[in-house]
2 protein chains.
Amino acid sequence: MKIELYLQQLKEQGFKITPKRKAIIELFSKKKSYLSPQEVLEKLTNNFPGISVSTVYRILEELQDAGILVKIGHEDRQLYYSLCRMPDQHHHHFICRKCRRVEEVDLCNFKEFERFISKNLDCKVENHSVQIGGLCSRCK
Amino acid sequence: MKIELYLQQLKEQGFKITPKRKAIIELFSKKKSYLSPQEVLEKLTNNFPGISVSTVYRILEELQDAGILVKIGHEDRQLYYSLCRMPDQHHHHFICRKCRRVEEVDLCNFKEFERFISKNLDCKVENHSVQIGGLCSRCK
DNA sequence: ATATAAATCGAAACCATTTCGATTTAGGAT
DNA sequence: ATCCTAAATCGAAATGGTTTCGATTTATAT
């Protein structure tokens, strides 16, 4: 997906296109890995000396609200984001434990779970989250 | 699973049976919901006035290490634990968004994922986490 | 009963994240 | 091009969940 499409997406959601927002989208576009706010801050400091921590946190959250980034769940319970390359279709993520690369997994066999749970536990299933870990093609 | 079995499990792992550890296991045994360290602290304060925050955090971590508790992933990225009622077999969890009840889901159709990923992404799959949300039989 | 390694206390540190009032900026209107 | 205004950014301080660590207490093996 091209940068321009993300920027358009941002605009459509009522956000302004600022240099920092653009730079953050570009950053995530060229890396397939997830990043922490601190890491994003460090990468941006070259082009934007003095950029504020709070700005980074806020932009990351806004980009997620706009559907451009997704939060990645991590054991250390800190914030991590990666680019959402399949905004339209439901999918899951494979995450490389070595290089942090995030790959979209365009498969979901959740129906079976849903049937099982509805039947055995008599619960109403509303959502599910799946995250797959391992080594990517480069790291394995 | 009976309390005694958990205590035995604790002992086998080289931990001592202390009143606070026992009380925490009992607490989780009678509630099927997940709890935060703060909540555990509050519940224990009745029987153990002056119990230390650090003790609660430490015990919770140790009980997880011993396989008695499991960490529950939460949007707010804070610590939550619930009792592990199926220590031996691989399973997943259904979590009620209203009452926080945690139900074991004794089903895993991950093989299909694994095949899909290995084939399409050429990755080595090592682990996966699945969490299902909704309303339990009581709350729906 | 004693010894001792493990467990607990408690206060302080830690640190990622959030808050908020002041300042600057993007982008539509003139 | 200039102006206007709401949105965006700054920056320093607060927040608060979690961890640390040295001193004290306790479980349990002997």
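These figures come from a predicted structure and were not determined experimentally. Residue numbers begin at 1 in each chain, while the letters A, B, ... track the order of the sequences. Hydrogens, waters and symmetry mates are skipped; everything else that's a heavy atom, side chains included, is used.
Using a 4.0 Å heavy-atom distance criterion, B/R21 is classed as a sugar-phosphate-only contact. Looking at heavy-atom distances under 4.0 Å, A/S36 makes no contact with the nucleic acid at all.
The residues A/K31 and A/E26 are annotated as not salt-bridged, no charged nitrogen and carboxylate oxygen being separated by less than 4.0 angstrom.
The interatomic distance linking A/F48 (CZ) with C/dT24 (P) rounds to 18 Å, in whole Å. For the pair A/E62 CD and D/dA7 P, the interatomic distance rounds to 12 Å; values are reported in whole Å. Distance CD (B/E61) to P (C/dA7): 14 Å, rounded to an integer number of Å. Straight-line distance from the CG atom of B/L60 to the P atom of C/dA7: 15 Å, rounded to whole Å. Rounded to an integer number of Å, the gap from A/L79 CG to D/dG17 P is 16 Å. Protein atom CG of B/L41 is 12 Å distant from nucleotide atom P of D/dG17, rounded to whole Å. When rounded to the nearest whole Å, the span between CD of A/Q38 and P of C/dT18 equals 13 Å. Distance A/E75 CD to D/dT18 C1': 16 Å, rounded to the nearest Å.
For A/Q78, whose side chain is taken as the heavy atoms from C-beta onward, the closest listed nucleotide among C/dA7, C/dA16, D/dT9 is C/dA16. Residue A/T55 has its side chain nearest to D/dC10 when only D/dC10, D/dT20, C/dT8 are considered. Of the candidate nucleotides D/dT28, C/dC9, D/dG17, D/dT28 has the atom lying nearest to any side-chain atom of B/K16.
At the phosphate of C/dT17, OP1 or OP2 sits under 4.0 Å from a side-chain N or O atom of A/Y57. Side-chain N/O atoms of B/S52 include none lying less than 4.0 angstrom from OP1 or OP2 on C/dT8. For B/R77 and C/dT17, the shortest distance from a side-chain N or O to OP1 or OP2 is below 4.0 Å.
Between B/T18 and B/V53, the one whose closest nucleotide on DNA chain D sits nearer the 5' end is B/V53. When each of B/R58 and A/K11 is assigned the nucleotide of DNA chain C with its nearest heavy atom, B/R58 is the one assigned upstream, toward the 5' end.
Among the candidates A/V56, A/I59, A/N47, the single residue satisfying the side chain to side chain contact (heavy atoms under 4.5 Å, CB included) test with A/K20 is A/I59.
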Q | Pair B/H90-B/H128, side chain to side chain donor-acceptor pair (under 3.5 Å): steps then yes or no | A | CA-CA 11 Å; B/H90 174 73; B/H128 64 283; 3.2 Å; yes
Q: Could you walk me through whether B/Q13 and B/Q9 pass the side chain to side chain donor-acceptor pair (under 3.5 Å) test, one step at a time?
A: CA-CA 6 Å; B/Q13 311 264 343; B/Q9 200 173 334; over 6 Å; no
Q | Candidate pair B/F110 and B/F113, rule ring-ring contact (aromatic ring centres under 6.0 Å, His included), full reasoning | A | CA-CA 5 Å; B/F110 194 67; B/F113 259 111; 5.6 Å; yes
